[in-house]
Amino acid sequence: MKKHISMPTHQQGVALIVVLLFLVLITLAGAIAVRSSTTDLKLATSEQADALLLNTADNNNKSIEQLINVDPTDAAAVTQKNLALSSAGMFGYFMNIGADENRGDQIVFCYRPRADYFFRMNEATVIDPSGGSKLTTGSSSTGGFCRVSKAEDFSSARNNVMTQVAVTRPSSDMVAAAPFEYVPLEQTITTSNVTSSSPNFRLFSSSFLPGLTQAKESDILECLKKPNQNAGDFGYSAKDDDDNDITKYYDETLTGCLARIGVPTTTLVEDVKLENILTSKKCLDYGKGSASNAFSDACQKILNVTASGVPKAASAAGSKN
């Protein structure tokens, strides 16, 4: 007689529940892994963005340093340096005679390392603490502010990072300095010689990534128009309820504004001092009395004398007689 063995049906349900539990656990483990990898990716992206912003801002500061510390034999570099120190330059604007009233202004321009020049005043804007701006050239009111819609305003061909620069010479009440701290040794102070002191400047290099935000270009531009420090001291033109012209004052800085609208930003602030390095050159060994003890060609140019030490003007007059 054959015997039939039948399995209880409820055990099949238990097996199904166990399988479903394993599927749930696997799904949860996968979700946790994806979430963890996404968090790691965000952290890596944030670190990469910070490194990119810091390097770009630092490159701008190095470019400014190289603009002044040039090789005297490089004619093109010397021309750019002289331009920077002239009345139409980023430093000379604050240094030349009558420029004391410019202290506290901020010269703003967009850093364009791919261009064949570093700075031009006609592409910059000077923010005036008394309200509004001056030296805004061209038909556009954007002046020296970086524009997201302009490919040439990006620091690289990838069009990912931009850097806006502001140069200012702080007013005397903003700088803590000892008496004659900015006067080089062995130098006479005169009011007519702008190189008789070592002026101090403050550089603001603000790098930002407009592609990592949903902010509009107009909102970014409004942030770029704001000062880099002492926002409450800088005004801008506005209208009151009766349509009258009034001056309002900013309530946040450029960096604070960009952070508020979600634009990744890094600002480097650097205090620099222009110094006149005095070098001496021996033109004559006094007391030797040798016939070969003559002035070198370089000393003849400096002193405007002949090799024997006779002033060239007097020498020329004697030859005519």
Side-chain angles (χ1 to χ4, degrees), residues 57 60-70 77-111 117-137 143-145 163-184 187-206 224-236 250 253-254 267-277:
N60 168 73
N61 290 355
K62 290 180 180 178
S63 298
I64 294 178
E65 181 179 352
Q66 295 172 358
L67 181 67
I68 301 300
N69 301 329
V70 299
V78 171
T79 299
Q80 291 296 319
K81 173 183 177 180
N82 293 336
L83 177 61
L85 298 178
S86 68
S87 58
M90 68 177 76
F91 295 121
Y93 172 83
F94 301 99
M95 294 170 54
N96 288 275
I97 299 175
D100 285 342
E101 63 181 17
N102 295 336
R103 296 188 65 167
D105 291 356
Q106 292 186 7
I107 298 180
V108 179
F109 62 96
C110 193
Y111 174 50
Y117 60 92
F118 182 79
F119 172 83
R120 288 178 179 174
M121 184 62 85
N122 62 355
E123 295 181 357
T125 293
V126 179
I127 301 178
D128 184 1
S130 62
S133 60
K134 55 187 177 182
L135 295 182
T136 305
T137 57
F145 309 112
T163 301
Q164 183 165 292
V165 186
V167 181
T168 184
R169 185 180 182 188
S171 57
S172 57
D173 57 347
M174 296 171 57
V175 179
F180 301 102
E181 179 179 353
Y182 296 104
V183 178
Q187 183 75 30
T188 301
I189 303 175
T190 62
T191 56
S192 59
N193 183 6
V194 297
T195 64
S196 64
S197 64
S198 299
N200 59 300
F201 295 89
R202 187 163 295 161
L203 309 178
F204 299 88
S205 300
S206 300
L224 297 179
K225 291 181 179 181
K226 297 185 177 182
N228 289 273
Q229 65 176 5
N230 303 327
D233 295 338
F234 288 81
Y236 60 95
Y250 292 107
T253 61
L254 178 151
T267 298
L268 284 184
V269 183
E270 184 175 354
D271 286 337
V272 300
K273 182 170 65 173
L274 289 180
E275 291 186 350
N276 297 303
I277 300 177

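In terms of heavy atoms, P227 sits closest to Q106 at CA-OE1, 3.9 Å. Between V108 and A166, the closest heavy-atom pair is CG2-CB, 4.3 Å. Closest approach of F119 to A88, counting heavy atoms only: CE2-O, 3.8 Å. Among all heavy-atom pairs drawn from V70 and L67, the shortest one is CG1-O, 3.2 Å. Annotation for P170 and R103: closest pair O-NH2, 2.6 Å, computed over non-hydrogen atoms.
One side chain, N60 or S205, offers a donor N or O that lies under 3.5 Å from an acceptor on the other.
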*Taking it one step at a time, do I68 and V272 satisfy side-chain contact (heavy atoms from CB on, under 4.5 Å)?*
CA-CA 12 Å; I68 301 300; V272 300; over 6 Å; no
*In sequence, state the C-alpha distance, the side-chain angles, and the governing distance for L254 and F145, and then conclude on side-chain contact (heavy atoms from CB on, under 4.5 Å).*
CA-CA 12 Å; L254 178 151; F145 309 112; over 6 Å; no
*Decide yes or no on side-chain contact (heavy atoms from CB on, under 4.5 Å) for M121 and I107, but give the supporting numbers first.*
CA-CA 9 Å; M121 184 62 85; I107 298 180; 4.0 Å; yes
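Annotation: the span from Q66 atom CD to K81 atom NZ amounts to 13.5 Å, rounded to 0.5 Å. Rounded to the nearest 0.5 angstrom, L274 CG and F94 CZ are separated by 11.5 Å. In this structure, OG1 on T125 lies 12.0 Å from CG on D105, to the nearest 0.5 angstrom. Separating the CD1 atom in I127 from the CG atom in N228 is a distance of 7.0 Å, to the nearest 0.5 Å. Taken to the nearest 0.5 Å, the OH atom of Y111 stands 6.5 Å off from the CZ atom of F118. Taken from CG in L203 to CG in L268, the straight-line distance is 10.0 Å, to the nearest 0.5 Å.
Looking only at side-chain heavy atoms (C-beta outward), N200 and D271 stay at 4.5 Å or farther from each other. Contact check for E123 versus F109: no side-chain heavy atoms found under the 4.5 Å cut-off.
Looking only at distances, a side-chain donor or acceptor of N102 sits under 3.5 Å from a matching main-chain atom of Y93. A distance-only check finds no donor-acceptor pair linking the side chain of T168 to the backbone of R202 [under 3.5 Å].
Of the residues listed (M90, K273, M95, E270), the one engaging F201 in a side chain to side chain contact (heavy atoms under 4.5 Å, CB included) is M95, and it is the only one.
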